[in-house]
J.: 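A single structure is presented below for examination.
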Amino acid sequence: MSRRWIQNPNRCADEYLDGIEDFIEFARRHNPGATRIRCPCRRCNNTLFESIENVGFHLVRNGMIETYSIWNLHGEQVDHASSSNAPRVDNVEPIGDPNDQVMGIIQDAFPFASTNINQEGEEDPPTPIDSAEFEQYEKLLKNANQELYPGCENFSVLTAIVELMHGKIKYRMSNLCFDYFLGVFKRMLPTDNCLPKDHKHAQKVLHGLGLGYEKIHACKNNCMLFYKEHETLDTCPICNESRFKMTSQNRTTKIPQKVMRYLPLKPRLQRLYMSTHTATDMRWHKEKRVDDDVMRHPADGEAWKEFDRTFPEFAADPRNVRLGLATDGFNPYGVLNQHHSTWPIFAFPYNLPPWKCMKKEYMMMTVLITEDPGRSIDVYLRPLVDELKDLWTNGVRTYDKSTGRMFTLRAAVMWTVNDFPAYAMVSGWSTKGYMACPVCKEDVTSGWHAGKVCYLGHRRWLPWDHEWREKDKEFDGNTERRLRPREWSGDEILEQLNRLDFAPFGKTVSRTRPSTHLNWTHKPMFFELPYWSKLKLRHNLDVMHVEKNVFDTLVGTILDIEGKTKDTIKARLDLERMGIRRGLWMNRDSDKARRDLAFFSMKPNDKKEFLKFVSSVKFPDGYASNIARCVNVDGGKFTGLKSHDCHVFMQRLLPVGIRHLLPEDVVKPIMLLSRFFSQLTAKTLRRTDMFQLRHDIVQVLCKFEMIFPPAFFTSMIHVMVHLPEEALLAGPVNYRWMYPIERLLGELKKSVRNRAKPEGSIIEAWVQYESLTFCGINDPSPPSSPFLWFFLLPSALSLRRHLSHLRCHRSLLATLPPCHLATVASLPPCHCRCHLATAAATSATAAATVATLPPCHLSHRRCHLATSATSAATSATSAATVATSTAATAPLRGRSMTTAPSSDPPAQAASAATAPALLDHVVVGHEASQAPASSASSVAQPPSARRRHRPTDTMDTTTSTDGTGASGSQPGITTLLYCSFYFEI
């Protein structure tokens, strides 16, 4: 049986729908009696358990995992000893039993207990297993086989604990609350049950599934770690500080001054290959990735390809892991303590496909630091760098569950992801001062303007014969004859660092740097990795924070917000000193000087109009936060805008709101800047587009130099010129910005229960999360994203009936005129969502009705039709009501819709037999008493916004009134018929 339908991008094709039916039949046949099975859609990823009907719906909405061609998690067995890849489907066993699932988890966690096959397929001698590890395996096996109470068939002790601990982590229950409910459950069960009595005993049972962590003591002044050769010391050899705190002599245990938590990386990488579907996905970048002009993944970037050419032995095995590292600090106390910060360091594999990469489930915390380490972060990176060096040189023997064989796993770090201050800590190059740009380094153009360092000279990126190079008064008063700054290779940087003499870390270090050190603060620890100097890109500029800082600077200046505008009195005096732009000089009357409003700033009335426009905008739920709450119309400013708010504002609202409020010469470069960020942050990039963006951003910055004063050009404004080049090297931005990391830090902050020891709370919660993520037991409820809910179906209808509905409406779309089809075809394939609601889906009347719709309906990708399901007396005019009400309905911009019967005479008659058949072809919405209507205006979203942001949907359906305007549940009520289907043209 061919399974090529899994790769079919058109999920409404007959081949795909037939394939879903075959899969559902296969799952029913090989899992008799099972009511819930693993859902192999891209969203659930074979980790969530759903009813068989819901699995079919998910596969239509989300598509099946492209690499899941062998349905081993649904009963299909694979003969690993055979050279053929053909699956065997005989002698299958049901997998719906949760106890069997837990047994499979144990076998995955301890593969050596049942497998001794090497990479070449030959039998190995018995693999030596650590005695402690084997003891953990026996304990887990005993708990997995032990009944929860005598006669219990559904739950073993281990299964029950895993389920309960999952609920504790998901709903953030405190240990005290968990202990209470655990005691209640224990009293409810028979007296001879084996359920643990409290959280502490439950943790001991799950200890074998966790990976654990190490506590490493650190010097109070961040000089060193008491690690390896220094593990037995009691004082720091650099600053002579004591390792332990001064305590009472009667105390038997010593309290360390500072503790770092280290989570070993090797076992966490090995677990990626302990699950069949994850092990297969780790080879996606080599086996399934499409190599064309479109960049969808970091593997499409030039840095990845250059690494493969430089190290062909590493690239030969696609199972070798490419890692990214990220770090940032957060305050675990919220606003209670403004000085304390916790710094975790995360690693994330880039081998995974785009729909898994950068997800929380696959991120690995490696280090947890108790305070801001500053430039001493290299001290805390020592254990991680040592392990990375060993993973590169020697690797680690790992069992691949997808092939059933052993192989040597190696790993390499491709780059780091940090905000600008953390960039300086990790890279060793200070991001402050005259040489703050870490790409241009000492070749950057900077100067002292309006009491701070500013960065100009963007004409250096223009062609040599460009006319702007010869202009002086329009820019900084000088012509530009210099070439663009040179690019520094990793070997040149390493050679430069080796010539410098840095003082050791600790309190004795001087805060000033010798002039020969340029902007280097220390030699980065990562240069100890053998491959680090060969990388094309070592550290990323974080687009998230760059965009937010650019937005704050730009909006603060054009709105002339006090404290945020760069058009200050000092900036005007600086223009006078430079002798340029006389129209912006201070206006002096007798003995007073006055700063007049600049031409690039809004007038007070215009600013008020702009703020009212922003406060009136309503986005779909989940697309963005309520930006209106951040608008202070009377005060003329914004407050409390988050990074994502600025992201949406910059790309969606700013170019619309300023068009008629500012001069055209100011509006054009701002709109070009908005388009720059919109294209740069798309999920897929084209190389030709990146070359164009590289040209556009230089034009924007040069135009800004002719508009705004030099004080406008902060370091964040300047680094925009390097963003397209980094996109060409490393691929799409969404794999290299801080949004996933910031969301994860928010989750860690919520896990703090003991405020006296926040890092202890965080690390314990993380280890428990790792254990339960490995178990694959997650929330079985479906996702709440509206773009995944492509259709709403009542549970009373069967799956086969819904699939026939899809085929029916697909054929209905084929009846549209060519002009309408051309409009639909011009849309991106992933956004051609035509929402069709019709009374008689298969009748010629409904097809004719859709064909008469104007093209504007299709351009908005929503066609809303309403009909009446009336009593026998009015059933003859129901089809006519659809035709008349549709013609008068404009495309709705919101998420809700109210329908009402038309008062126009019927255009054509329908037979009385048509009305009873309506419910067989459409989905009937709830009545008014069940779902009241809510109307809200929203801004139409561009396709790129829908692709990147998936808001939560709230579909409100409303029953309309009868002819008198009274609503109710009488037979004459108009019922909303709403079906939404997903078409890929």
Side-chain angles (χ1 to χ4, degrees), residues 213 215-225 241 245 255-263 325-348 360 363-384 416-432 505-507 509 511 521-522 524-525 539-540 542 544-545 548-549 640 642-644 716 737-767 769:
Y213 62 95
K215 290 183 179 180
I216 302 177
H217 297 174
C219 173
K220 179 181 179 180
N221 297 316
N222 299 330
C223 302
M224 55 164 285
L225 295 178
E241 280 285 346
K245 295 180 180 179
I255 303 176
Q257 297 268 19
K258 190 178 294 184
V259 179
M260 180 197 79
R261 277 85 174 175
Y262 179 67
L263 298 88
L325 292 181
T327 183
D328 198 6
F330 69 99
N331 187 352
Y333 299 110
V335 297
L336 299 181
N337 189 332
Q338 299 294 335
H339 302 289
H340 185 87
S341 64
T342 300
W343 285 72
I345 300 176
F346 297 99
F348 32 89
K360 178 185 175 183
M363 288 188 181
M364 311 167 197
M365 185 191 297
T366 58
V367 177
L368 187 64
I369 308 172
T370 57
E371 66 174 22
D372 184 358
R375 72 184 187 93
S376 302
I377 193 172
D378 278 6
V379 172
Y380 296 95
L381 286 172
R382 166 58 60 189
L384 177 60
T416 64
V417 180
N418 311 103
D419 57 11
F420 213 47
Y423 190 113
M425 296 163 50
V426 175
S427 67
W429 183 270
S430 176
T431 54
K432 299 178 181 179
F505 297 111
K507 65 180 182 181
V509 177
R511 293 184 179 272
T521 59
H522 62 281
M525 181 72 66
H539 309 283
N540 280 278
D542 177 33
M544 182 190 85
H545 286 95
K548 183 183 187 304
N549 283 273
K642 302 297 183 182
S643 297
H644 189 264
M716 289 288 100
W737 60 7
M738 290 294 291
Y739 278 115
I741 310 303
E742 297 283 358
R743 284 193 293 266
L744 188 53
L745 294 181
E747 295 293 326
L748 295 181
K749 186 183 296 187
K750 296 175 184 176
S751 65
V752 175
R753 295 298 178 185
N754 185 354
R755 294 190 178 273
K757 299 178 180 179
E759 287 79 16
S761 296
I762 291 171
I763 201 69
E764 290 295 337
W766 181 263
V767 171
Y769 171 77

J.: So Asn418 and Met425, do their side chains get closer than 4.5 Å, heavy atoms only?
T.: no

J.: Could you please spell out the steps behind the side-chain contact (heavy atoms from CB on, under 4.5 Å) verdict for Tyr739 and His644?
T.: CA-CA 8 Å; Tyr739 278 115; His644 189 264; 4.0 Å; yes

J.: If I take atom CD1 from residue Ile377 and atom CG from residue Asp372, how far apart are they, to the nearest 0.5 angstrom?
T.: 8.5 Å

J.: Say you draw a straight line from OG1 of Thr327 to CE of Met738; how long is it, rounded to the nearest 0.5 Å?
T.: 7.5 Å

J.: To the closest 0.5 Å, what do you measure between OG1 (Thr366) and OH (Tyr262)?
T.: 6.5 Å

J.: With a sphere of 6.0 Å drawn around NZ of Lys360, does it hold more than 12 non-hydrogen atoms of other residues, nucleotides or ligands?
T.: yes

J.: With a 4.5 Å heavy-atom cut-off, do Met363 and Pro740 have their side chains touching?
T.: yes

J.: With rounding to the nearest 0.5 angstrom, report the OH to OG distance, Tyr423 to Ser430.
T.: 12.0 Å

J.: Just to verify, what does Tyr769 make a ring pair (Phe, Tyr, Trp, His ring centres under 6.0 Å) with, not counting sequence neighbours?
T.: Trp766

J.: Could you tell me the separation between the CD atom of Glu241 and the CG atom of Asn222, rounded to the nearest 0.5 Å?
T.: 11.5 Å

J.: Any non-hydrogen side-chain atom of His339 less than 4.5 Å from a side-chain atom of Asn331?
T.: no

J.: So, Arg753 and Glu764, do they make that salt bridge, N to O below 4.0 Å?
T.: no

J.: Please list, chain by chain and in numerical order, all residues satisfying side chain to side chain donor-acceptor pair (under 3.5 Å) with Glu759, sequence neighbours excluded.
T.: His340, Thr342

J.: Could you pull out the closest heavy-atom pair between Pro524 and Ser427, with the gap in Å?
T.: CG-O, 2.8 Å

J.: Does the side chain of His217 reach to within under 4.5 Å of the side chain of Val259, using non-hydrogen atoms?
T.: yes

J.: For Cys219 versus Tyr380, what's the shortest heavy-atom pair and its separation?
T.: O-OH, 4.5 Å

J.: Please find the pair of heavy atoms, one from Lys749 and one from Pro332, that lie closest to each other, and give the distance.
T.: CG-O, 4.2 Å

J.: Using modelled atom types and a 3.5 Å cut-off, is there a donor and acceptor pairing between side-chain atoms of Asn540 and backbone atoms of Asp542?
T.: no

J.: Do the side chains of Leu745 and Pro344 get nearer than 4.5 Å, heavy atoms only?
T.: yes

J.: Kindly indicate whether the side chain of Pro256, heavy atoms from C-beta on, has any atom under 4.5 Å from the side chain of Lys215.
T.: no

J.: Kindly give the heavy-atom pair with the smallest separation between His545 and Met716, and that separation in Å.
T.: O-SD, 4.3 Å

J.: Whether the side chain of Ser761 engages the backbone of Ser751 through a donor-acceptor N/O pair (distance < 3.5 Å, no angle test) should be reported.
T.: no

J.: Just wondering, do Ile763 and Leu263 contact through their side chains at under 4.5 Å, heavy atoms?
T.: yes

J.: Tell me the closest heavy-atom pair linking Pro421 and Thr431, and the distance in Å.
T.: CA-OG1, 4.4 Å

J.: Report the C-alpha distance between Val417 and Phe348 in whole Å, list the side-chain angles of each, state the deciding distance to 0.1 Å, and finish with yes or no for side-chain contact (heavy atoms from CB on, under 4.5 Å).
T.: CA-CA 11 Å; Val417 180; Phe348 32 89; 4.1 Å; yes

J.: Check whether any side-chain heavy atom of Met365 sits under 4.5 Å from a side-chain heavy atom of Leu744, and report yes or no.
T.: no

J.: For Asp378 and Met525, which heavy atoms make the closest approach, and how far apart are they?
T.: OD2-N, 2.8 Å

J.: Report yes or no: does Thr521 contribute a side-chain atom to a donor-acceptor pair with the main-chain N or O of Trp429 at less than 3.5 Å?
T.: no

J.: Applying side-chain contact (heavy atoms from CB on, under 4.5 Å), run through Ile762 and Phe330 and close with a yes or a no.
T.: CA-CA 12 Å; Ile762 291 171; Phe330 69 99; 3.6 Å; yes

J.: How long is the gap from CZ on Arg743 to CG on Leu748, to the nearest 0.5 Å?
T.: 13.5 Å

J.: side-chain contact (heavy atoms from CB on, under 4.5 Å) between Leu325 and Leu384: does it pass, once the steps are laid out?
T.: CA-CA 11 Å; Leu325 292 181; Leu384 177 60; 4.2 Å; yes

